[in-house]
Structures are given as structure tokens and as C-alpha cells.
Amino acid sequence: MADVTLIRRPEQMERVATPAQAQAFIEEQIAALREQIGDKKVLLALSGGVDSSVVAALLIKAVGKQLVCVHVNHGLLRKGEPEQVIKVFRDQMDANLVYVDATDRFLDKLAGVTDPEQKRKIIGGEFIEVFAEEARKLDGVKFLAQGTIWPDVLESEAGVKAHHNAGGLPDDLQFELVEPVRILFKDEVRVVGEALGLPAGMVYRQPFPGPGLGVRCPGAITRDRLEAVRESDAILREEFASAGLEGKVWQYFTVVPDFKSTGVKDGKRSFEWPVIIRAVNTKDAMTATVENLPFELMQKLTARITGEVKGVNRVLYDFTPKPTATIEYE
Ligand code: XMP
């Protein structure tokens, strides 16, 4: 069996930019996947992000129920995300989908942990453990599918980042890799995703870190503050969509820092958290500039967030470009 990790993007390969090019790529990949996988089972960690969603959709077309998708909800996803994964993949595409709500496991392990790197380690380690437990429950899985894309390969080779998720799995779980979007750039993955019929909200979604809302709830995560992050993020996304900013601003989200300040609500003193709004533009996330948001939108966001999100009495806008700030807070 050929090692897929040796597959390289051909030097002269044309950029996949049109539906027809995407269709040709899809047909080629389906044939290659059927040939590689035969009648065996394939496992995929389906986060709902662009890359894993496109890989899932391709594999469903190629091998149908031989694919087992595992969606781990670590409790740090955005509002509506697990529901969307279930709706699109189980209900609409009839995929074999294992949904694991591991919220309590993750949040219990994270309780009281303030160090950002420690938080990341716990989230990453627990994710692999939950995924491995699910994998062990299944019989006859020979392959592990991954949403590796071409920039991941290049960055791994340049020593910038290690991207091999499979590298983290315990020794008793040895799989052959399947990487059907390995030779594509991100914009090409999106074109292929659209051609596969995935919803635009999934294909064009903004980048979202693996540790999820955990890095937007700085310091020790508590359920109530995490809920304030999730609810304010949902309001921000809704208002950006109404204002026509969806797809125009590169990344936008809210952060709820771990301090409270005095305010007044319903004629009474309040002592609650602020919500910080971040909205940035960038090409490669190495540097970033701040979006010039209309004042009316800021006012609307402030009114909705302070009115609808429990435990919040202020809204702030972060004007800091990268550098000196990073995009995320942890
Ligand atoms: P920073 O905060 O370093 O973020 O300016 C740059 C981009 O990377 C994303 N990011 C992450 N993505 N795991 C991820 O998958 C992470 O731990 C992580 N940290 C930051 C961030 O959202 C931004 O787009």
C-alpha cells in the first residue's frame, strides 16, 4: 500500500477555483479513496471545521457507511456547532456519526487551571483520550482520515508546526492514513466543499482554534463565564451577519476576562464581567489589523450583549493590532 504522506502537490497543478474543477477533483479523489480503502472501515475526527467537514463529505461519497465520524463536543464549541454537525452529517448526508458529549469531562479537568499552556495541554490530551476510547469500541477500522492540507505539509516540513494529529494516538491504535485534501490550499478546500453541497456557513466559516472558547475565557474556566463567552459570541456573529460583515472581516469573537467591575442595572448596583470584542483582518495571521467598526453597530452590540448575556455589564472594543497583541488572548 502506497504511503499517502508521500503524496505531493504537482508543481504545475492548476488552482481549483471553479465548480467544474472542483467536480473533477472530487471524481478523482473518490476513485482514489475507493481504491485505497476497499471494503475496510475509516475513522475520522469530525470537528465541524472546514477541512474535516470536506474530508467527511468526500468519504461519504466514496465509501458511505464504511466511514465512521466521531464528533467530540469538548464543551468549548460555539453556540449551535454540535447541532449543525449532527444536522448536516447525520440527518442530511446520512453519515455514520458518533456524537460524544464530553463537556463534563473537559470542564472538570480544566477546573481551577489558569495557565494557558496547561489548559491547551489538557484540552489536547483529553481530546485524544476521548477519541481513542471511541476508536477502541469499533471493530475492523483500518484507516484514519485526516484533514491535512497542503500548507500543513509545508509548515511541517519547514519545522514551523507539527500537524500530524495521528502522532498523538496511543500505540495500540495503529491506522493507515487517508488524506484526501492533502494537496489543496485552503481556498481550494472551500470550493470543493461547496461543490460537495456543504452549507456556506460551514465552508466559509472563520478560523476557530482547536482549544475553542477555552482560550477566550482567560484564566480558570468556569461554566458561567464560558456561557457568557458563548452567548456574546453568538450575538456578535448574528449582528455581523446582519451588517453584511460576514465573510468580509477575517476573524471576530468575544472574550470575557476574569474580573468584574461596578455598574448599574435596573436601578441597582451590579458587579459583573466586561465582554471584549475582537475583530481583525489579516492574510496569514502573523500580523493583523483591527476592523473599523461602525459606531452604530458598536452601540447595538453593546445594548444586546449587556441586555441579553447573563453576568455582563460592560462591552469593550480591543483596538490593538498584532503586534503588539496576538489575535487570541491566550
Ligand atoms: P494568535 O492568537 O497566535 O492567533 O495571533 C493566530 C491565529 O491562530 C488561531 N489560533 C489557534 N488555532 N489552535 C488552533 O487551531 C490554537 O491553539 C490556536 N491559537 C490561535 C487564532 O484563532 C488565529 O486565527
Side-chain angles (χ1 to χ4, degrees), residues 44-55 71-79 81 85 106 109-110 113-128 131 146-156 158 160-168 181 185-187 189-190 202-219 221 226 229-230 232-233 236-237 240 245-257 276-291 317-330:
L44 169 72
L46 176 59
S47 67
V50 185
D51 305 333
S52 68
S53 296
V54 171
V55 168
H71 179 57
V72 177
N73 179 358
H74 53 22
L76 304 165
L77 298 171
R78 291 178 291 190
K79 191 172 178 174
E81 274 182 340
V85 168
F106 279 84
K109 275 234 156 133
L110 287 164
V113 181
T114 53
D115 178 62
E117 289 314 306
Q118 190 63 23
K119 284 167 73 179
R120 271 198 167 71
K121 261 194 207 129
I122 291 173
I123 296 166
E126 197 62 15
F127 187 91
I128 287 175
F131 185 70
Q146 297 198 133
T148 309
I149 64 172
W150 191 237
D152 298 338
V153 177
L154 298 180
E155 283 187 345
S156 290
V160 179
K161 287 193 219 173
H163 275 282
H164 289 282
N165 315 337
V181 294
F185 286 101
K186 194 83 178 188
D187 51 296
V189 179
R190 295 192 208 275
M202 203 166 234
V203 172
Y204 290 97
R205 81 175 207 162
Q206 34 170 337
F208 187 62
L213 301 181
V215 295
R216 299 173 183 173
C217 194
I221 299 169
L226 180 61
V229 179
R230 193 175 346 254
S232 54
D233 171 78
L236 183 74
R237 285 191 284 140
F240 267 48
L245 292 174
E246 198 180 37
K248 290 204 176 120
V249 179
W250 195 79
Q251 194 173 16
Y252 45 96
F253 55 87
T254 61
V255 176
V256 181
I276 301 170
I277 294 174
R278 191 108 175 97
V280 296
N281 291 304
T282 178
K283 277 212 161 65
D284 56 9
M286 299 299 285
T287 62
T289 56
V290 176
E291 174 73 11
Y317 189 42
D318 185 344
F319 283 98
T320 326
K322 176 180 183 176
T324 55
T326 51
I327 295 174
E328 303 285 352
Y329 271 53
E330 287 192 332

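Atoms within each ligand, like the ligands themselves, are counted from 1 in listed order.
Only side-chain heavy atoms of P211 come within less than 4.0 Å of ligand 1; its backbone N, CA, C and O stay farther off.
Atoms of ligand 1 found under 4.0 Å from any heavy atom of T326, numbered from 1 in the order shown, are 1 (P), 2 (O), 5 (O).
For E328, a nitrogen or oxygen atom sits less than 3.5 Å from a nitrogen or oxygen atom of ligand 1, counting backbone and side chain alike. Where the criterion is an N or O separation shorter than 3.5 Å, residue side chain and backbone included, A285 fails it with respect to ligand 1. Where the criterion is an N or O separation shorter than 3.5 Å, residue side chain and backbone included, I327 meets it with respect to ligand 1. In terms of polar-atom proximity, W250 is not counted as a contact of ligand 1, lacking any N or O under 3.5 Å from an N or O of the ligand.
Taking a distance limit of 4.0 Å, we find that atom 23 (C) of ligand 1 is approached by some protein heavy atom. Within 4.0 Å of atom 1 (P) of ligand 1, at least one protein heavy atom is present.
Ion pair E126/K121 not flagged as a salt bridge, since none of the NZ, NE, NH1 or NH2 atoms sits closer than 4.0 Å to an Asp/Glu carboxylate oxygen. Salt-bridge formation is detected for the pair D233/R237: a Lys NZ or Arg NE/NH1/NH2 atom is positioned less than 4.0 Å from an Asp or Glu carboxylate oxygen.
Note: F127 and F131 have parallel aromatic rings, judged against thresholds of 30 and 60 degrees for the angle between ring planes.
Interatomic distance, R78 CZ to R216 CZ, rounded to the nearest 0.5 Å: 6.5 Å.
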